[in-house]
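Quick notes on the structure that follows.
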Amino acid sequence: MKLPSHIATLSPYVPGKPLEELERELGITGSVKLASNENPLGPSPKALEAIRAVLGDLNRYPDGSGYALRKRIAEKTGWPVEGVILGNGSVDIIEMAVRTFCAPGDEIIIPHGAFISARLAAQSVNAAILTVPVQDHRHDADGMIARITSRTRMIYIDNPANPLGSFMAGDTWARLVAALPPDCLLVADQAYYEYIDREDYPDGFKDLKAGKNLLVLHTFSKIHGLAGLRIGYGLGDPRMLSDINRVRSPFNTNSLAQAAGLAALDDDAHIARVKELNAREMAWLEAQLDQRKVRRVPSVTNFILIDMGREAAPTYDKLLRQGVIVRPIKNYGFPNHLRVSIGTREENERFVQALDKVL
Ligand SMILES: Cc1ncc(COP(=O)(O)O)c(C=O)c1O
């Protein structure tokens, strides 16, 4: 089949290498995966219980709009239920938003080094992607503002940012929000929202409540530990979301994911456990890296970006042979860096031991 050039030049998303694949290739067991910013403590136990309770109904289609989960999110946030949308992972919502609002040639501003799904979605509709270079491993709000034109339909920003691990602080963020033109949607992807504990972190939901045109995204894949189920949600103006609903595929979230999300949302004990483990292990890993003089980018998330000071691919390969999977991020424009997700102490020790051998 003949391909349009914007599809022919589209590189598919490259996920972290699965454990099973590595073990099959190398004929080893007991490897560890610190490559996809997954939750090392597992799924919310309340979510697992909820899944068991609905297994017998799998002959039925799910509730197409996921009303019960949307209603609970609405109750917790104080935002109308019509202003809540579910996605098959938050990437589904990014894709729907791009398909809804961006025609070929329309401009989308995406910072360099931002989570790649927005870029892939934009290219798939042949939108014009305006890339903004990072400054000191942070998204540059003023660079983004400088690129706004009358054709800009969307600005995407992951805050905190993946794979950078940094965040845009409130004063800078406020400038970006103030510069938002009419007919331009600011997508605030807050996948790592629960991990950050900083007074100067700006929750995009506050701007949404203040009447700004934002789509604020959250995921159940990280702190709730439900990445395998694929469920995320977005908060936005109900009229804007009813437009996105035009392109939503029927039953885009499944019944197990909806039930699990509903239970996970209120599993405060699990959230606290995960957060506490992450903070403790992040501090431990930072100290280990500093002792070895491995350069790292300060992180507010559940992963850390390390700078090998030279092409990182050989280090990645050698770590694989030690049974440790991390993430090379050359495709984000960082050929010298590796992204390492925070695991349990045992997993983190495996990484450090393997790194010592490799270095
Ligand atoms: C910034 C960001 N957004 C979205 C996602 C994906 O979330 P989901 O699993 O809900 O599609 C990730 C996953 O790594 C991410 O880092």
Side-chain angles (χ1 to χ4, degrees), residues 12-18 33-40 43-44 47 66 69 73 84-98 110-122 134 137-139 154-168 186-196 201 203-204 214-235 248-249 252-254 256-258 260-261 264-265 274 278 297 299-305 325-329 331-332 334 337 339-343:
Y13 181 80
V14 184
K17 196 176 182 65
K33 183 182 175 201
L34 299 171
S36 299
N37 305 341
E38 293 155 342
N39 184 331
S44 146
L69 175 54
I73 294 166
V84 184
I85 190 168
L86 302 183
N88 186 31
S90 48
V91 290
D92 185 30
I93 309 175
I94 298 174
E95 286 166 10
M96 288 192 278
V98 168
I110 305 177
H112 178 70
F115 182 55
I116 212 150
S117 285
R119 187 169 297 275
L120 299 180
V134 287
H137 298 101
R138 282 172 183 260
H139 294 327
M154 188 178 288
I155 300 175
Y156 169 86
I157 179 159
D158 46 354
N159 197 26
N162 171 22
L164 300 169
S166 61
F167 73 105
M168 186 180 281
L186 176 57
V187 177
D189 183 345
Q190 301 187 166
Y192 302 95
Y193 171 83
E194 293 86 354
Y195 292 97
I196 183 167
Y201 172 69
D203 179 0
L214 265 81
L215 173 60
V216 182
L217 300 182
H218 288 274
T219 182
F220 287 97
S221 300
K222 306 297 171 188
I223 202 121
H224 303 289
L226 299 175
L229 274 181
R230 314 301 304 124
I231 182 114
Y233 64 95
L235 303 166
R248 190 173 62 79
S249 57
N252 65 323
T253 63
N254 68 74
L256 301 185
Q258 290 178 19
L265 209 53
V274 177
N278 188 70
V297 178
S299 170
V300 293
T301 63
N302 67 345
F303 60 86
I304 190 160
L305 195 58
I325 310 174
V326 297
R327 192 73 160 263
I329 52 160
N331 58 336
Y332 282 89
F334 294 95
H337 292 67
R339 194 191 68 191
V340 186
S341 305
I342 302 298

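Whatever order the structure lists them in is the order used to number ligands and atoms, beginning at 1. As the structure is a computational prediction, the values presented were derived from the model and not from experiment.
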Residue, atom and distance of the protein heavy atom nearest atom 1 (C) of ligand 1 read D189 OD2, 3.5 Å

**Prompt:** Would you call E38 and K33 a salt bridge, taking side-chain N to carboxylate O under 4.0 Å as the test?
**Reply:** yes

Atom 7 (O) of ligand 1: closest protein heavy atom, distance to 0.1 Å, is S90 OG, 3.1 Å

dist R327:CZ -> N162:CG (nearest 0.5 Å) comes out at 8.0 Å

| message | Between Y192 and N302, is there a side-chain donor-acceptor contact under 3.5 Å, judged purely by atom types and distance? | response | no

min-distance protein heavy atom vs atom 12 (C) of ligand 1 -> F115 CZ, 3.5 Å

Logged contact type for N162 with ligand 1, heavy-atom cut-off 4.0 Å, is side chain

In this structure, CG of L235 is separated from CD1 of I73 (nearest 0.5 Å) by 7.0 Å

Honestly, for F220 the part within reach of ligand 1 (heavy atoms, under 4.0 Å) is neither

Logged contact type for A191 with ligand 1, heavy-atom cut-off 4.0 Å, is side chain

The closest protein heavy-atom partner of atom 11 (O) of ligand 1 is R230 NH2, 2.8 Å

Q: Answer with yes or no whether the side chains of Q190 and N159 bring together a donor and an acceptor at under 3.5 Å.
A: no

To the nearest 0.5 Å, atom CD1 of I157 lies from atom CE of M168 at 3.5 Å

So the atoms of ligand 1 within less than 4.0 Å of a heavy atom of G89 turn out to be 8 (P), 10 (O), 11 (O)

Within 4.0 Å of some non-hydrogen atom of D158, the atoms of ligand 1 are 1 (C)

query: Does S221 reach ligand 1 with a nitrogen or oxygen that is under 3.5 Å from one of the ligand's nitrogen or oxygen atoms?
result: yes

#### Entry: Residue pair D92 / N252, side-chain donor-acceptor N/O under 3.5 Å
yes

One finds that the ligand 1 atoms under 4.0 Å from a non-hydrogen atom of T219 are 7 (O), 8 (P), 9 (O), 10 (O)

Do H218 and D189 have a side chain donor and acceptor closer than 3.5 Å? no

Is Y192 close to ligand 1, meaning an N/O of one under 3.5 Å from an N/O of the other? yes

Quiz item: Relative to each other, are the rings of F334 and H112 parallel, tilted or perpendicular (30° and 60° limits)?
Solution: tilted

The protein heavy atom nearest to atom 14 (O) of ligand 1 is K222 NZ, 2.9 Å

